[in-house]
Amino acid sequence: MDMRVLSVPGFPYAPPRCFELPVSLTVEFAGGDRDYIAFPSVQGDGFFCAKITDTIYYVSRAEGSDTRRDYAIDMSSGSAARVSGGTDSAKLDFGAVGGAAAPGQCAPSGDLDGNAIRWTFGTGDDSWLTAQYSNGGVRVRRPDGSEKSAKSFAAARVAEGVYIYYETFEGYRVTMLCDFGKALAVG
């Protein structure tokens, strides 16, 4: 897949919330760490789930006022990737869903390095930004010419053309699950 330049057209779209996953999931990570994700009957503040492909889901849940965990869950391979921690402690872990023998295909990836992606969020002249990925990091450029570099960055390949990544800046963390084959992202 050629990801040198990808334009995401500005249109008012976000993947709909998803209620297709089982009522609860257990994800086991290396070292015996285990997350139990219970899906509420009504999705409200602190919990979000969206479907990005036929079998891959983005799940975000808050655990207290300052802690959020974001997941890419691939039900076809039984694999999962988790982003946890804050701006100074963010990390990316890999696991298996529901007792699968071993994690599936989620793995660290440098595929975004050397690519620039222009994200368009609306219809105005100032409703875009460009993210330039290189050497395991990202630099964001805005329409006014200002640039900002992330404190930390990590990416993982979830499936062909689907990546989860996080960027931390001063005071916040951005986590995205992107299907570059369809130019869709949630996060």
Side-chain angles (χ1 to χ4, degrees), residues 3 14-15 17-18 21 24-40 43 45-53 55-98 100 102-113 115 117 119 129 131 133-140 148-180 184-187:
M3 295 186 344
R17 288 181 179 239
C18 177
L21 288 176
S24 64
L25 289 174
T26 301
V27 182
E28 297 179 22
F29 296 92
D33 189 17
R34 181 177 291 158
D35 281 1
Y36 177 73
I37 306 168
F39 296 83
Q43 294 188 26
D45 291 340
F47 186 90
F48 178 80
C49 181
K51 185 176 183 179
I52 192 96
T53 73
T55 62
I56 300 173
Y57 299 84
Y58 173 83
V59 175
S60 181
R61 67 184 178 117
E63 298 176 336
S65 61
D66 297 329
T67 307
R68 188 181 89 232
R69 290 186 176 197
D70 300 299
Y71 303 85
I73 299 173
D74 184 349
M75 295 302 287
S76 69
S77 70
S79 63
R82 172 185 68 189
V83 176
S84 61
T87 58
D88 295 324
S89 60
K91 65 179 185 169
L92 186 57
D93 297 305
F94 304 97
V97 176
Q105 60 191 20
C106 290
S109 173
D111 291 351
L112 296 178
D113 276 4
N115 292 290
I117 299 171
W119 296 102
L129 59 84
Y133 302 94
S134 63
N135 299 319
V138 62
R139 186 176 71 242
V140 175
K148 190 174 210 176
S149 293
K151 288 175 59 176
S152 61
F153 172 84
R157 181 183 184 274
V158 178
E160 180 64 35
V162 180
Y163 296 85
I164 187 170
Y165 64 88
Y166 74 83
E167 308 161 347
T168 63
F169 296 92
E170 294 296 329
Y172 64 95
R173 181 188 87 208
V174 175
T175 303
M176 301 285 284
L177 177 61
C178 301
D179 181 352
F180 291 110
L184 294 176
V186 293

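- Going from atom CZ of Arg34 over to atom OG1 of Thr26 covers 6.5 Å, rounded to the nearest 0.5 Å.
- Note that OH of Tyr58 is 15.5 Å distant from CG of Asp179, once rounded to the nearest 0.5 Å.
- Note that the CD atom of Glu167 and the OG1 atom of Thr87 stand 13.5 Å from one another [nearest 0.5 Å].
- One distance of note links CG of Asp93 with CZ of Arg82; it measures 4.5 Å at 0.5 Å rounding.
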Verdict with reasoning, Ile56 to Leu177, per side chain to side chain contact (heavy atoms under 4.5 Å, CB included):
CA-CA 10 Å; Ile56 300 173; Leu177 177 61; 4.0 Å; yes
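- A side-chain donor-acceptor contact under 3.5 Å links Asp113 to the backbone of Gly136.
- With hydrogens and angles disregarded, no donor-acceptor distance shorter than 3.5 Å links the side chain of Arg68 to the backbone of Ser60.
- Here the CG-CZ distance, from Asp70 to Arg61, works out to 10.5 Å after rounding to the nearest 0.5 Å.
- Here the CZ-CG distance, from Arg69 to Asp35, works out to 4.5 Å after rounding to the nearest 0.5 Å.
- Of all heavy-atom pairs spanning Ala80 and Val97, the tightest one is CB-CG2, 4.2 Å.
- Of the possible donor and acceptor atoms, none in the side chain of Tyr163 sits under 3.5 Å from a partner among the backbone N and O of Leu112.
- Nearest heavy-atom pair, Thr168 versus Gly86, reported as atom, atom and distance to 0.1 Å: CG2-O, 4.2 Å.
- Although no hydrogens or angles enter the test, the distance criterion places no donor-acceptor pair under 3.5 Å between the side chain of Thr55 and the main chain of Met75.
- Heavy atoms from other residues, nucleotides or ligands lying under 6.0 Å from NZ of Lys151 number more than 12.
- Ring pair Tyr165/Tyr133 is perpendicular by interplanar angle, where above 60° counts as perpendicular and below 30° as parallel.
- Applying the side-chain hydrogen bond (donor to acceptor under 3.5 Å, both in side chains) rule to Lys148 yields no partners; only residues at least two apart in sequence or on another chain are considered.
- Considering only heavy atoms from C-beta on, Leu25 stays 4.5 Å or farther from Val59 through its side chain.
- In terms of heavy-atom proximity, Ser152 sits nearest to Tyr166 at OG-CE1, 3.7 Å.
- Annotation: side chain of Ser79 is not in contact with side chain of Phe94 (no heavy-atom distance under 4.5 Å).
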